[in-house]
Every structure is written in structure tokens, then in C-alpha cells.
Amino acid sequence: MEKEKKQGNVINHFAEGANCQVFNGPISGCVFAMPGATVNQSPVQNVKDGSKDDKESHDEIEDEPLRNHIFDDRMLNSNERLVKLRQTIAKAIGQGDADKIDLTHANEWFWLYAALLDAGLLETRGNRENAVTDVGFVKQMATWFPYALDVNDEEKIRQICKGLSTERTKWTMNGKRISLVDVEANKYRLTAMRETKISRIVSTAYRGVYVPLMKLKADWNGE
């Protein structure tokens, strides 16, 4: 077994039990070893933030296969498609962005949910292992976008699910859920929502997420 002693710009490696001394002086790494001691030196590696090594490590993480916990695997049947989906969602969400779905507001998580649901990408078959639930949806998004939510923050996840559920009750007309596509067309009949809110839903969720998702699906269907 080897021991290490860092000195200046070098690391001295010497065998366990070796009788050797390392002097700290103007000559960096100056070593005096008694006969029989095994001493080697290697340069200290300094890696700064944002270095090539960090970038390569980050790229390796980005290249890891994405996990699908809530999406219909008849359509999302490859890692390439999951990556495309995540990229499309990423362009439409933010934190405090007026022209994007704002994930700092719990109710707007439902807008993203509605866009994915109405685009036919969520797994709605109840007998499937990855059948979507509110908790499953929030955790999937937290896994994909950790800057928005810590997937291990159970209290925050509960708060978001509560806000998501409350918002869902407002997307009804005559006792039935109204789709994202029909929100704008029925904006004067949706008394639970203000017109300014409906305009924002149409801008961020319908045009920002649903329309790009439908284009993505069309591309996949044409493959």
C-alpha cells in the first residue's frame, strides 16, 4: 500500500513503512529517502470549474438514457424520441418568464400536463405500469428539469399536486373537462377563469407546448 504526501506542485508516493523524509524548502518536492525506500512523484492535477473534464462529465450525464415513467410507450418508444420531447418541453417552460409556462406557480403545472395529455403523449391506460398520476407527472418533470424542482422534496411535490388538482377543477364546462384546444373558443363561457388568464394559457400552453408537440408527433408518424 502506498501513502501520499502533497508538496508544492507534486505528490510524493512512498511505500507503506518506508523510511523516507520530505523536506519543505525552495526546491519543491525535494525528497531524501533512506536506502530501500520507494518514492515516486506525480504532478498535482488542478481541474477548474467549467473545464473540459467537467464538460465531458456533463455530456456523459446528458447522454444517459432517459427514463419514461408516464408517457405512452407506443409513441415514446426510443430514447431519441424522449430526448426530443424533453427538448420541446424545455423551450416552453421557465421560472418567472412571462412568455413561458411558469413552474414557480403550482397551477401552471397543470397547463403543461394538459398540453401533454391533449397531445396524446401521456399514458392513460390504467393497467399500465407507467399510467400517469399527478405525483408521477410532477416527479417525471422534476427528474428531467431538476432546476425547477428537487425530486426528493416530497413537501413541495405535494403542494404542486394540490395546485394542479385545484386548477383541473377550473377546466370544466357543463360538468365535463374542457380540452386545451377548446379553451380559447369557450373563453367567455369559462367563468372560473379571467380572460387575461385564458389568453396566457393559449399563448404558453397551447401555442408554446401543444402545437410543437403535435408537429413532433406528425414527424414521428411520418418516419
Side-chain angles (χ1 to χ4, degrees), residues 66 68-78 80-125 128 130-145 147-149 160-161 163-174 176-223:
L66 299 180
N68 172 15
H69 298 293
I70 61 168
F71 299 111
D72 190 332
D73 50 23
R74 292 170 296 185
M75 179 63 66
L76 280 303
N77 54 16
S78 69
E80 180 182 0
R81 289 190 175 187
L82 288 170
V83 169
K84 286 285 188 182
L85 175 59
R86 183 175 67 171
Q87 291 172 342
T88 302
I89 295 173
K91 293 177 182 178
I93 62 175
Q95 294 180 298
D97 300 285
D99 58 343
K100 297 182 179 182
I101 291 178
D102 188 351
L103 296 184
T104 63
H105 299 300
N107 67 308
E108 296 197 18
W109 284 74
F110 179 74
W111 302 5
L112 177 58
Y113 178 98
L116 290 163
L117 179 65
D118 292 346
L121 296 178
L122 296 180
E123 179 55 82
T124 57
R125 294 172 292 172
R128 303 287 293 181
N130 61 325
V132 66
T133 63
D134 288 353
V135 173
F137 165 74
V138 173
K139 287 189 173 183
Q140 176 82 66
M141 293 302 102
T143 300
W144 279 11
F145 309 107
Y147 69 85
L149 175 67
I160 292 173
C161 288
L164 191 154
S165 180
T166 300
E167 181 69 10
R168 180 184 284 114
T169 64
K170 299 176 182 179
W171 288 52
T172 58
M173 189 168 59
N174 299 325
K176 296 182 179 180
R177 178 189 177 275
I178 187 171
S179 70
L180 179 59
V181 177
D182 294 330
V183 166
E184 184 175 27
N186 294 279
K187 59 185 177 183
Y188 297 113
R189 301 173 65 185
L190 292 170
T191 57
M193 299 186 196
R194 293 191 300 272
E195 186 175 346
T196 53
K197 176 180 176 178
I198 293 174
S199 296
R200 178 164 160 71
I201 290 172
V202 171
S203 173
T204 61
Y206 178 73
R207 298 198 186 104
V209 186
Y210 176 80
V211 171
L213 289 181
M214 294 304 292
K215 182 181 183 305
L216 194 59
K217 280 186 64 178
D219 291 343
W220 290 339
N221 289 330
E223 291 179 352

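None of these values were measured; they are calculated from a predicted model.
- A 4.5 Å side-chain heavy-atom check between Leu180 and Tyr113 finds every atom pair outside the cut-off.
- A donor-acceptor contact shorter than 3.5 Å is absent between the side chain of Ser203 and the backbone of Ser199.
- Rounding to the nearest 0.5 Å places CD1 of Ile101 at 12.0 Å from OG1 of Thr104.
- Heavy-atom contacts from other residues, nucleotides or ligands closer than 6.0 Å to CZ of Arg194 number 12 or fewer.
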Considering only distance and modelled atom types, tabulate donor-acceptor pairs under 3.5 Å from the side chains of residues 204-219, sequence neighbours left out.
residue : atom : partner : partner atom : Å
Thr204  : OG1  : Arg200  : O            : 2.8
Lys217  : NZ   : Ala119  : O            : 2.8

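- Here the shortest heavy-atom pairing between Asn186 and Ile178 reads ND2-CD1, 3.7 Å.
- Partner of Arg125 under the side chain to side chain contact (heavy atoms under 4.5 Å, CB included) criterion, out of Asn130, Asp72, Val132: Asp72 alone.
- Distance alone, capped at 3.5 Å, is enough to place a donor-acceptor pair between the Asp102 side chain and the Gly96 backbone.
- From Gln140, atom CD reaches atom CG of Leu122 across 9.5 Å, with rounding to the nearest 0.5 Å.
- Using a 4.5 Å heavy-atom cutoff, the side chains of Trp144 and Leu85 are in contact.
- Looking only at side-chain heavy atoms (C-beta outward), Thr166 and Asn107 stay at 4.5 Å or farther from each other.
- A distance of 14.5 Å separates CG in Leu66 from CZ in Arg81, rounded to the nearest 0.5 Å.
- At least one side-chain heavy atom of Arg128 sits under 4.5 Å from a side-chain heavy atom of Asp73.
- Ile89 has its side chain within reach of Phe145: a pair of non-hydrogen atoms, C-beta onward, lies under 4.5 Å apart.
- Contact record, Val138 with Cys161: CG2-SG, 3.9 Å, taken as the closest heavy-atom pair.
- Side chains of Arg168 and Leu164 form a contact here, defined as non-hydrogen atoms less than 4.5 Å apart.
- For Trp111 and Glu167, the side-chain atoms include at least one donor-acceptor pair closer than 3.5 Å.
- A 6.0 Å sphere centred on NZ of Lys100 holds more than 12 heavy atoms belonging to other residues, nucleotides or ligands.
- Rounding to the nearest 0.5 Å places CE of Met141 at 10.0 Å from CZ of Arg86.
- Formation of a donor-acceptor pair under 3.5 Å by the Asp118 side chain with backbone atoms of Gly120 is not found in this model.
- In this structure, Leu149 and Leu103 have side chains that are not in contact, with every pair of non-hydrogen atoms separated by 4.5 Å or more.
- With a 4.5 Å cut-off on side-chain heavy atoms, Trp171 and Ile201 count as touching.
- The line from CG of Asp134 to CH2 of Trp109 is 11.5 Å long, rounded to the nearest 0.5 Å.
- To the nearest 0.5 Å, atoms CD (Glu123) and CZ (Arg74) are separated by 6.0 Å.
- Around CD of Glu80, the count of heavy atoms belonging to other residues, nucleotides or ligands within 6.0 Å does not exceed 12.
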